[in-house]
Amino acid sequence: SEETSHISTERPKQTFADVGGMDAVKEEIRLKIIYPLQHAEMYRAYGKKIGGGILLYGPPGCGKTHLARATAGEVQASFISVSLDDILDMYIGNSEKNLAAIFEQARRQKPCVLFFDEVDALGANRTDLRKSGNRTLINQFLAELDGMDSDNDGLLILGATNAPWHLDNAFRRAGRFDRVIFVAPPDEAAREAILQLQLQGKPIEKIDYTSLARRATDYSGADLKAIVDLAVEQKLQEALRKGVPQPLTTSDLKAALGKHKPTTREW
Ligand code: ATP
């Protein structure tokens, strides 16, 4: 059929090299979805089932979306990022149609990483009205995940959630979201790597990444990005006033750190 969705397909340039930290998570994605994609015949020869999705869970802003996009870039696959608003529709039957259109689009663009944000809300196991209570939508999502024959070969399905316990158990069966990976807030080494990535290509003056990372306890990847953005903004204003580029310094970043609260403390 000729379903179309309004979501754009990306061709990400980012790879795992652009994701700071998360070594264990990257390795798990390699084993579970990248190798099977690249060596499908080998897996079949040994009778290993391929397919199935990975559920990423953890606090907001710690890189789930970023990692999913980088997974696509890593294998030169296309990437479709789906949020709740791309699917849910108040008219009966439309949410199911939207979901079908998205899977069709992904299957047409294989290999493709299909990423569902807030997946728990689509497959919620309780009746929270706007977000769920919709058994037909859940059933259709399950059927799409199962696929027919080799429909889903070359389709890499990732889901993100802050609340995996809200997800209906049926989603966790074999061949569906049968792996759950915790994406933790970045540790000190990961924070250092993220700061380096975020400052890459910008005018800087020997930055003390170690001391910044140590100070940035409980800051998520998104927080660190916000800090760099803040420092850059201030420096740019200064450069404009002075008429010459001003390199970013450790103290600029420390000042920015003081203006932005960390968001992962409660995890
Ligand atoms: P949410 O749960 O809110 O969707 P998330 O975990 O998906 O959050 P992202 O949206 O991926 O978080 O992260 C926000 C931004 O923070 C990214 O666009 C990226 O620039 C930066 N970022 C987060 N984590 C990392 C990381 N590990 N390495 C490099 N950049 C990161």
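Just so you know, ligand 1 is whichever comes first in the structure, and atom 1 is the first atom listed for that ligand. All residue numbers refer to positions in the sequence shown, counting from 1.
- Closer than 4.0 angstrom to ligand 1 sit non-hydrogen atoms from D18, V19, G20, M22, P60, G61, C62, G63, K64, T65, H66, D117, N162, I194, Q198, G221, A222, K225.
- Enclosure of atom CZ in R215 is not indicated, since only 12 or fewer non-hydrogen atoms of other residues, nucleotides or ligands lie within 6.0 angstrom.
- The number of heavy-atom neighbours closer than 6.0 Å to CD of Q76, taken from other residues, nucleotides and ligands shown, is 12 or below.
- With ring centers used as reference points, F141 lies under 6.0 Å from F171.
- Listed for the K202 side chain is no donor-acceptor partner under 3.5 Å among the backbone atoms of L248.
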Does the side-chain contact (heavy atoms from CB on, under 4.5 Å) test come out yes or no for L230 and K259, once each step is laid out?
CA-CA 9 Å; L230 199 61; K259 293 187 192 127; 3.8 Å; yes
Determine, step by step, whether R191 and T217 satisfy the side-chain contact (heavy atoms from CB on, under 4.5 Å) criterion, reporting the C-alpha distance in whole Å, the side-chain angles of both residues, the deciding distance to 0.1 Å, and the verdict.
CA-CA 9 Å; R191 294 196 297 274; T217 308; 4.0 Å; yes
